[in-house]
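What follows is a single structure, written as structure tokens, with notes after it.
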Amino acid sequence: MELQPFDPWPIVLVALLNPISAVVAFVMGRTADQWQKIIVAGFAAALAGYVGVWFATHFGFLPIKGIGQATGVFMMQFVFGLIWAAIGYVFFHAGKRQGGTA
């Protein structure tokens, strides 16, 4: 049995360019009242993004076949979800720390 070469770039692209994951993470990060909730926002974004990718591929909206393991897509979306949630948290709470009305 010969091992096939693995290319992680499609998994990174699917996770990075998933609008569902980005929106869920940003909105949840923006509404978080504690920085610890960014982790929960990242996980929820990864789950929502993965379900979105599954629906899109299952119903033929995305012609993606064999992009990698489901765990890889979920984990990359979790990482990018943490980043989007942190961006939402920092932008929303930056004005409050400086005494603004945001």
Side-chain angles (χ1 to χ4, degrees):
M1 180 169 94
E2 181 180 334
L3 292 175
Q4 299 295 323
F6 175 71
D7 183 20
W9 188 242
I11 293 174
V12 172
L13 284 178
V14 167
L16 180 64
L17 301 176
N18 189 342
I20 296 171
S21 179
V23 169
V24 168
F26 185 80
V27 169
M28 287 185 72
R30 187 174 54 101
T31 58
D33 57 351
Q34 298 172 337
W35 70 267
Q36 295 91 343
K37 293 181 181 176
I38 292 173
I39 298 169
V40 175
F43 185 80
L47 184 60
Y50 183 74
V51 169
V53 168
W54 183 83
F55 273 112
T57 56
H58 183 72
F59 293 112
F61 296 115
L62 283 176
I64 298 175
K65 297 290 181 196
I67 60 169
Q69 297 296 327
T71 306
V73 173
F74 184 83
M75 291 306 296
M76 287 306 300
Q77 287 186 147
F78 179 67
V79 169
F80 288 121
L82 287 174
I83 294 169
W84 279 110
I87 290 170
Y89 180 81
V90 168
F91 281 155
F92 184 72
H93 292 284
K96 289 183 177 183
R97 283 180 280 182
Q98 296 174 355
T101 59

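The first residue of the sequence shown is numbered 1, and numbering continues consecutively from there.
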Go through the structure and list residues passing side chain to side chain contact (heavy atoms under 4.5 Å, CB included) with V12, not counting sequence neighbours.
->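 Side chain to side chain contact (heavy atoms under 4.5 Å, CB included) list for V12, sorted by chain: W9, M76, F80.
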
For Q34, all residues meeting side chain to side chain contact (heavy atoms under 4.5 Å, CB included), sequence neighbours excluded =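 Only Q36, K37 meet the side chain to side chain contact (heavy atoms under 4.5 Å, CB included) criterion with Q34.
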
Are [Y] and [X] connected in a single hydrophobic cluster, I mean Ile/Leu/Val/Met/Phe/Trp/Tyr linked by side-chain heavy atoms less than 4.5 Å apart?
X	Y	value
V24	V79	no
M28	L82	no
I87	V40	no
Y50	W84	yes
I83	M75	yes

F74 and L47, any side-chain heavy atoms less than 4.5 Å apart =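 Answer yes - side chains close enough.
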
Donor-acceptor pairs under 3.5 angstrom involving side-chain atoms of residues 14-21: please list them, not counting sequence neighbours.
{"from": "N18", "atom 1": "OD1", "to": "I20", "atom 2": "N", "distance (Å)": "3.1"}
{"from": "N18", "atom 1": "ND2", "to": "G49", "atom 2": "O", "distance (Å)": "3.0"}
{"from": "N18", "atom 1": "ND2", "to": "Q77", "atom 2": "OE1", "distance (Å)": "2.6"}
{"from": "S21", "atom 1": "OG", "to": "A45", "atom 2": "O", "distance (Å)": "3.4"}

Side chain to side chain donor-acceptor pair (under 3.5 Å): pairs with one or both residues in residues 22-31, sequence neighbours excluded |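 The answer is none; no pair qualifies.
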
Which side chain to side chain donor-acceptor pair (under 3.5 Å) pairs, counting each pair once, include a residue from residues 40-49, with sequence neighbours left out?
->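 Every candidate side chain to side chain donor-acceptor pair (under 3.5 Å) pair involving residues 40-49 fails, so no pair, neighbours aside, qualifies.
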
Is atom CH2 of W35 surrounded by more than 12 heavy atoms (other residues, nucleotides or ligands) closer than 6.0 Å?
->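 Atom CH2 in W35 is not crowded, with 12 or fewer foreign heavy atoms closer than 6.0 Å.
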
Distance-minimising heavy-atom pair for F78 and I39 |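 In this case the closest contact between F78 and I39 is CE1-O, 3.7 Å.
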
Residue pairs involving residues 14-23 (criterion salt bridge (Lys or Arg N to Asp or Glu O under 4.0 Å); sequence neighbours excluded) =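 Listed by first then second residue: nothing to list.
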
Could you tell me how the ring of F61 sits relative to the ring of F59: parallel (under 30°), tilted (30 to 60°) or perpendicular (over 60°)?
->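 Taking F59 first and then F61, their aromatic rings sit tilted (interplane angle of 30° to 60°).
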
